[in-house]
Amino acid sequence: MEYNFREIEEKWQQNWKDRKTYQVNEDASKEKFYVLDMFPYPSGAGLHVGHPLGYIASDIFSRFKRHQGFNVLHPMGYDSFGLPAEQYAIQTGQHPAITTEKNIQRYREQLDRIGFCYDWDREVRTSDPAYYKWTQWIFELIFNSWFNKDSNKAEGISSLIEKFETNGNYNVNAAQPEDWYKSIDRKVFTFFSANWQGDFSATDWKSMNEEQKELLLMHFRLAYLADSVVNWCPALGTVLANDEVKDGVSERGGHPVEQKLMRQWSMRISAYAERLLTGLDGIDWSESIKEVQRNWIGRSEGASIRFQVDGHQEQIEVFTTRPDTIFGVSFMTLAPEHALVPKITTPEFKDAIEKYQAAAKLKTERDRQSDVKNVSGQFTGAYVIHPFTGAKIPVWIGEYVLLGYGTGAVMAVPRGDQRDWDFAKKFNLPIPNILEDIDISEKAEASKEAILCNSDFLDGLSYKEAVPRVIEELEKMEIGQGKINFRMRDAVFSRQRYWGEPFPVYYKGEIPRIIDSKELPVTLPAVDKYLPTESGEPPLARATDWNYKGNTSHPMEMNTMPGWAGSSWYFLRYMDPHNNETFADAEKVKYWGQVDLYMGGAEHGTGHLLYSRFWTKVLADHGYISFDEPFKKMINQGMILGRSSHVYRINGTNKFVTFENKDEYDVQQLYVDVNIVDNDVLDREAFVNWLPEYNNAEFILNEKGEYTCGWAIDKMSKRWFNVVNPDDLCDKFGADTFRAYEMFLGPLEQHKPWDTKGINGVHNFLRKFWRLYHDKNNVISISNDAPTKAELKTLHKTIKKVTEDLNRFSWNTVVSTLMICVNELQEQECNKKEILEPLCILLSPYCPHIAEEIWEMLGHKDSVVAQKWPVHNEEYLQDDAFDYPVSFNGKTRFFLSLPVALSQADVEVQVRGNDQTVKYLEGKEIKKVIVVPKRIVNVVV
RNA sequence: GCCUAGGUGGCGGAAUUGGUAGACGCGCACGACUCAAAAUCGUGUGUCUUCGGGCGUGUGGGUUCGAUUCCCACCCUGGGUACCA
């Protein structure tokens, strides 16, 4: 029988389905292992060869672990809320649920062909009400939480209310902005005085009405409603989170984004900044993605200092990482939008300041960034008083100071900061020297090594010594303190879209109220159109049939949750996907625990991977789960790039010149469909028929009479005509070949070009493998004879290497090892059962269909999936006589037959082939013989 | 600028702890089978060579009996990030 992969693969895929081979259940007698893929958004385009790369790798690892006796959880699902389906709905009126369902089916068909071992009974979809019921539940949990900085944990809001009732907020150390009380509406809180600083007593609390209590609590909750400056994208008609904006335009679609003040839900992720940062040390992720998160969190240590404005009540607070350079301050710079600017600007500079502010406002975020080199600024006419010297320091505004970072104000030390230095030079401000022996006429010196001078009580100190000294002094004077600043902002959680989770929230007046968790889910209502209303409200404002009937008189929240809501906890739902009582049964969560191996792209560093960690920590703080990091180890697969082909048209003609001769003409390079190019040779007939414009193309051929195409490596895209579809490859070569080839391509984490012609090599390997088990007439033929030593050695070294490679996540080298093994066994004409049976198990993670088929042909009734992973025996690997090359002065001079008695003490070397013992080499006495592992003996004279 | 991953034949890549660099595959060349082609099988394939050997892992140094591997300096490429005070 020939290797008929089509029949075999169809047969076993059906068989696995019927036998539920890959169903897993909690089993206390077995050790668990959780292998997870980042679940896909089911787009309409289907899969190309790049998508399954990570799925194949994780599938192989799951199967390997299963063979090793682990109880492996390996689920798959869909991140099925999202923009494209909604955009399609806007254009066609088709409900996004229908589009999504169709796309999911297409995805499933494509995935099934590749032969994955997912337990499909555990499939989750974020857009399924049975799923988002629990997304809504978690939202309510977060809403009903505050972050206690004393315990460094989220706690239930009731513990906060208890505190308020006994002591007001006197002993409350909650995560919230320092100036939170400033945004309290004084029309509602009339009993607080004008200069109220945020403190209230138990009596105050008790005297408040329901509305006032709720408004106050909102400033403590981990999910809160607030007026915040958000990234508004007019083209998409929605707000975006910071991680969804890149270079001032939306990540999806590249539409411009503007800053806008809106009342929005936010998540107080900033409360977890420190824990999100330190948690990185304990997880096995790539250094680069950890670095992305560290930068995003942006922790910097320094001090905040308040400068008194000369002649005003006001103080300007700055944050600096270099409080040691305080004696080098020669001016202050505020962000143009800083709230104090209008208050302190003197009349004579009012016009100039307003002009500057207006100009700054006109510039987009993007313009401001691209204009970095241009130093600009404007003096306000105001001065602050230096806290130590009493000197008058001019206050400027400048674009280089950002309102969103720190306090929006900097103390400028031109001596130590290049931007301050540039600013000082441009506007002729003084550059006082505070560092010993360093020239500052050309540039600033930011070194932390230098010794301070001209700095009063800091003279002679280094950065390390000076910082605590200054902070001590500032605290004594009550004008500053040591401070840790974070770059990370809270995450906006509202989207003005239809196709997302509805909030379980209705409004009583201005006050949002949570819908009782027993009444969840609040399902997405039908709407007549998927566009915002004429008055600019989100699409959900069109809904008339909310399933939540309890408060028909009260309006519902009309925003929906962002895309990352559902994906922030899906890995927990897989553990218990059908539970209707809780998001996942506590016992089951305890059993499956953390994800042991998480496979996916590296592009989610500041989005999904951060939010998942955040939600996991909240759930852990409330005791629902016992771990506060979701993904123990993560591997980010690289992108598979396309190899696109070029043809060269002579300008002004319809003549195409072959690659070899293209330099002789003035040509234009054009992309050509890779499917009509074989081994860089163009199928001219297919080309002529490909596009109408090429119907009458003429060719200038090479010497062989062929047209050779040029090529380049590009991203796989329809635009370059270089998309390769996995279905075609499964048709032509089979899923087993496809799986092995994707791994064989190169290291998983690296970006690498796809090259279809290389797949033949792997296909041939599988045919050879098949032939190992068959005789010349293609009849299964296996002998029960004892294997030879050489055969055992081949097998055992293969077992050893394959096992080692899989344990160190080196998927690509395994394929080569198996190829070498098959080549050797073929040479040895091995047909021994004792060798070929374990080999079949070794292959099965990579090529499960062919392994199953052969396993059955060998007379087994059970599945190869259930077989124990073979273990190698060192005994078979030893060489009994090997010629060791002897290296003398770095060059191989002669060979020794081993075993010989050699140790470092021996100075006599026995030469192969005779009994001669040498004491001298090239006339020099041998002093030392070095025996090293592997195959070299070194002689030192 | 900073962070991060890399740089090995015509190509993808291997070399795990410092130990025969280029495994395995593609491509290419030659041969077998064939009227012929495809497919398949076999042989060869870093480079120079006076056939002894010489040179070779981005560049230049260093450590070592021995360096793709370790150390120092530099160059280049991919990815991330930034007037972050």
Side-chain angles (χ1 to χ4, degrees), chain A residues 246-247 286-296 298-300 302 318-323 325 332-333 335 368-369 371-376 398-402 404-413 416-420 422-423 446 485-487 602-603 605-606 636 638-639 643 679-680 711 713 740-741 744-747 749-765 767 801 804-805 807-808 810 812-823 883-885 887-892 895 927-941:
Chain A
K246 288 238 157 82
D247 301 326
S286 75
E287 210 41 54
S288 59
I289 205 151
K290 282 191 191 181
E291 204 54 38
V292 167
Q293 294 210 342
R294 286 194 191 107
N295 287 340
W296 185 260
R299 181 185 194 274
S300 48
V318 301
F319 172 75
T320 176
T321 55
R322 296 299 299 271
T325 62
M332 302 284 277
T333 318
R368 248 172 105 157
Q369 277 173 10
D371 213 17
V372 190
K373 297 273 165 334
N374 242 335
V375 181
S376 74
E399 267 183 358
Y400 81 96
V401 179
L402 306 174
Y405 184 79
T407 60
V410 301
M411 59 173 225
V413 184
D417 185 291
Q418 191 58 47
R419 289 156 306 168
D420 296 344
D422 292 340
F423 199 91
N485 190 57
F486 289 95
R487 195 184 87 103
E603 65 274 18
T606 53
N636 309 113
M639 216 191 320
R643 193 178 189 275
N679 204 5
D680 290 341
W711 57 272
I713 302 297
Y741 184 57
F744 183 69
L745 233 38
E749 305 198 44
Q750 218 164 277
H751 292 190
K752 45 203 171 277
W754 178 263
D755 181 7
T756 298
K757 62 181 191 252
I759 202 171
N760 271 314
V762 175
H763 190 58
N764 282 342
F765 152 69
R767 295 171 44 151
K801 183 136 172 47
E804 278 173 3
D805 285 354
N807 276 325
R808 67 186 174 104
S810 175
N812 55 326
T813 49
V814 171
V815 185
S816 304
T817 307
L818 290 170
M819 284 177 175
I820 295 166
C821 178
V822 167
N823 286 344
D883 290 342
Y884 276 53
S887 163
F888 171 64
N889 282 354
K891 283 165 192 170
T892 304
F895 292 86
K927 292 211 185 81
K928 193 164 71 168
V929 175
I930 303 165
V931 183
V932 292
K934 307 233 169 153
R935 294 166 175 181
I936 278 215
V937 178
N938 246 291
V939 181
V940 184
V941 292

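All values derive from a computational prediction rather than experimental measurement. Heavy-atom basis, side chains included; hydrogens, waters and symmetry copies ignored. Here is how names work: the chains are called A, B, and so on, in the same order as the sequence lines, proteins then strands, and each is numbered from 1.
Contact detail for A/Asp420 and A/Met411: the closest heavy-atom pair is OD2-O, 4.0 Å. Looking at every heavy atom in both residues, A/Ala335 comes nearest to A/Val401 through CB-O, 3.4 Å. Shown here for A/Ala412 and A/Thr333, the closest heavy-atom pair between the two residues is CB-OG1, 4.2 Å.
A straight line from CE of A/Met639 to P of B/G78 spans 13 Å, rounded to a whole angstrom. Taking atom OH of A/Tyr400 as the reference point, atom P of B/C84 lies 10 Å away to the nearest angstrom. We find that CD of A/Glu804 is positioned 11 Å from P of B/A15, with the value rounded to whole Å. Rounded to whole Å, the distance from CD1 on A/Ile289 to C1' on B/U81 is 14 Å.
Across B/G56 and B/C74, the matching P atoms stand 24 Å from one another, rounded to whole Å. Nucleotides B/G58 and B/U8, compared at atom P, are 6 Å apart to the nearest Å. Atom name C1', nucleotides B/A23 and B/U16: the rounded distance is 14 Å, in whole Å. Distance check on atom P: B/C70 versus B/A5 gives 13 Å, rounded to whole Å.
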Using the 3.5 Å cut-off, write out each protein N or O paired with an N or O of nucleotides 4-13 of chain B and the distance between them.
unit_1, atom_1, unit_2, atom_2, d
B/G12, O2', A/Leu745, O, 2.5
B/G13, OP1, A/Gln750, NE2, 2.9

Give me the distances for all protein-to-nucleotides 38-44 of chain B N/O pairs that come in under 3.5 Å?
unit_1, atom_1, unit_2, atom_2, d
B/U40, OP1, A/Asn764, OD1, 3.3

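Checking B/A82, B/C83, B/G25 against every side-chain atom of A/Leu402, the shortest atom distance belongs to B/C83.
The pair A/Glu291-A/Arg294 counts as a salt bridge, with a side-chain nitrogen and a carboxylate oxygen less than 4.0 angstrom apart.
Base orientation of B/G52: syn (glycosidic angle within 90° of 0). Annotated as syn: B/G9, whose glycosidic dihedral is within 90° of 0.
Taking a pair as Watson-Crick or G-U with both hydrogen-bonding distances under 3.5 Å, the stems of three or more pairs touching RNA chain B are B:1-7 with B:75-81, B:10-12 with B:24-26, B:27-32 with B:40-45, B:46-48 with B:53-55, B:58-62 with B:70-74.
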